[in-house]
Amino acid sequence: MSYLYPSSLEEALGILRDGSGRARVIAGATDIFLQRLPHSLVDLTALPALSGIKEESGLITIGAAVTHSQAAASPVILAGAQALAEGCARVGSPQIRNAGTLGGNIVNAAPAADAAVALAALGARARIVDIKGLTREEAVEDLYRTHNRSLVDSSSEILVELIIKSCGINEGSAFTRFAARNALALPLVNAAAAVKVENGLVKEARLVVAPVKPAPTRLQRAEEMLIGMPVNRETRLAVEKAAASEVEVRSSLLRCSARYRLHLVGVLVGRALETAAQRAQQRKRGNDS
Amino acid sequence: MKQQIIMFQLNGEPLEIYADPAESLLAILREKLGLYGTKAGCGKGECGACTVLVDDQAQNSCLIPAGKVQGRRVETIENLSRGDVVHPIQEAFVEKGAVQCGFCSPGMIMSAYALLKSSPQPAPEDVKTAISGNLCRCSGYKQIEEAVLCAGDKMKNRES
Ligand SMILES: Cc1cc2nc3c(=O)[nH]c(=O)nc-3n(C[C@H](O)[C@H](O)[C@H](O)COP(=O)(O)OP(=O)(O)OC[C@H]3O[C@@H](n4cnc5c(N)ncnc54)[C@H](O)[C@@H]3O)c2cc1C
Ligand code: FES
Ligand code: FES
């Protein structure tokens with residue numbers, strides 16, 4: 001066994017089954033190739049079941065092997081899941097985006113992976129199949145075991161696709177991040193928001209920030225506080241405060257102090273919220289774009 | 001990993017190699033095939049010196065396991081000039097002073113080449129994005145950006 005090219009999902013699962021833990025899936029290779037390689041690699045990038053982006057009755061389905069470049073340029077994602085297009089556009093560099101995939105971004109389980117943070121804010125669900133043929137569906141933020149460890153075992157499970165409710169009337173989403181440079185720099189903090197606004201008041205909100213915990217972290221108190229509030233500067237400031245008070249962040253010698261990071265959490269959540277709310281208000285009935 | 005046969009197209013020619021699929025494409029190009037144009041910098045995706053085109057898209061060859069190029073089209077800097085005639089992008093790099101030590105140049109040029117293939121008349125912002133994965137420690141990027149824009153014009157003029 002060595003480097004293998006299954007042509008169907010069933011064949012890929014069969015190889016993993018026969019490998020009994022010694023074979024692992026590989027997608028864009030941008031993370032796994034710098035780690036210790038298993039005995040066999042099962043390349044998923046050519047599988048039809050894991051490629052393509054489609055929209056059907058309000059649901060967007062994205063193959064796990066879709067690259068960041070493909071997602072960032074997809075008209076379906078730009079229209080119905082803008083935060084994801086923005087998150088993917090900020091990953092690494094063009095070279096990394098041309099290779100790296102959404103599935104890899106999630107299963108590699110870095111705490112502030114850009115696509116994963118956007119997906120969590122959009123309420124994305126991941127469809128996973130295992131070598132026994134069982135299928136399960138989980139929220140993206142529920143797929144983390146601990147720091148840099150996914151609950152998806154890539155020697156016996158395959159993340160097949162991601163499912164997102166397409167952005168509807170009065171809804172909008174946005175992604176922001178702050179890093180030392182514009183390219184090739186992991187974010188000090190990244191954040192994403194998805195909101196529904198009716199008559200100037202927030203109806204629904206999902207706010208996600210990272211790195212706080214091993215998984216993209218929802219700001220539940222700030223979300224609850226937002227419901228019923230008008231979209232304005234005061235609300236944004238209140239949310240910035242609430243966000244920074246409900247999380248604990250770590251200092252990093254290389255990147256920044258915990259205090260600075262906490263400041264960034266507030267500011268970035270506020271920015272994501274403001275942009276998402278503006279977009280929601282532009283997506284009224286009639287001029288739905 | 002055990003060696004296996006890998007078939008792909010390299011610079012327009014079909015090629016079959018017997019190699020460790022877990023070796024990097026960069027190592028294969030330089031050490032097995034003697035194509036030293038592609039540079040080995042950081043070895044982890046952060047400098048872009050090793051940039052090649054895979055199916056017309058810029059990628060870091062240091063991050064590509066050789067097994068991955070099976071059935072794909074790979075293009076390296078060696079494919080740009082025709083004998084003594086250099087490619088318009090290379091010509092523009094020389095004219096605009098975009099080359100100093102030259103270590104980043106093959107990668108920069110391949111990123112520019114990928115951009116100009118998909119958008120022949122790029123905006124300055126597109127050029128910045130296209131070379132954002134390529135580090136240059138000498139030139140300061142301004143001349144490189146100018147060279148890429150100038151190359152776009154040269155290529156357009158040559159066609160007409
Ligand atoms: C220089 C550099 C810069 C980077 N910058 C960023 C950045 O700014 N932001 C960011 O978020 N990330 C960044 N990354 C990380 C990386 O590029 C992304 O996480 C990418 O999305 C990983 O996807 P991949 O397809 O390359 O994964 P791979 O390396 O192929 O796989 C990663 C892991 O996921 C598993 N896996 C992959 N696909 C599946 C699947 N469908 N089902 C089950 N398991 C699977 C693999 O077995 C492996 O364990 C950077 C990486 C590099 C090298
Ligand atoms: S050598 Fe490949 S990116 Fe630096
Ligand atoms: S010319 Fe020296 S690194 Fe760019």
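Quick note on labels: first sequence line is chain A, next is B, and so on, each numbered from 1.
How far CD of B/Q3 is from OG of A/S2: 11.0 Å, rounded to the nearest 0.5 Å. Distance check, rounded to the nearest 0.5 Å: OG of B/S24 to CZ of A/F33 gives 5.5 Å. For the atom pair CG of A/L34 and CG of B/L63, the computed distance is 5.5 Å after rounding to the nearest 0.5 Å.
The stretch residues 124-145 of chain B places B/T129, B/A130, B/S132, B/G133, B/N134 near chain A, each with some heavy atom under 4.5 Å from a heavy atom of that chain.
In this structure the side chain of A/T45 reaches within 4.5 angstrom of the side chain of B/K68, judged on heavy atoms.
Only the backbone of A/A27 comes within contact range of chain B, judged by heavy atoms closer than 4.5 Å. Interface residue A/L41: backbone and side-chain heavy atoms are both found under 4.5 Å from chain B. Looking at A/N98, the atoms closer than 4.5 Å to chain B (heavy atoms on both sides) sit in the backbone and in the side chain alike. Within the 4.5 angstrom heavy-atom criterion, only side-chain atoms of A/R97, from C-beta onward, approach chain B.
A donor-acceptor contact shorter than 3.5 Å is absent between the side chain of A/Y3 and the backbone of B/Q4.
A/A99 approaches B/Q59 most closely through the heavy-atom pair CB-OE1, 3.8 Å.
B/T51 and A/Q95 are linked by a side-chain donor-acceptor pair at a separation below 3.5 angstrom, with hydrogens and angles left out of the test.
In the displayed structure, A/R250 atom CZ is contacted under 6.0 Å by at most 12 heavy atoms of other residues, nucleotides or ligands.
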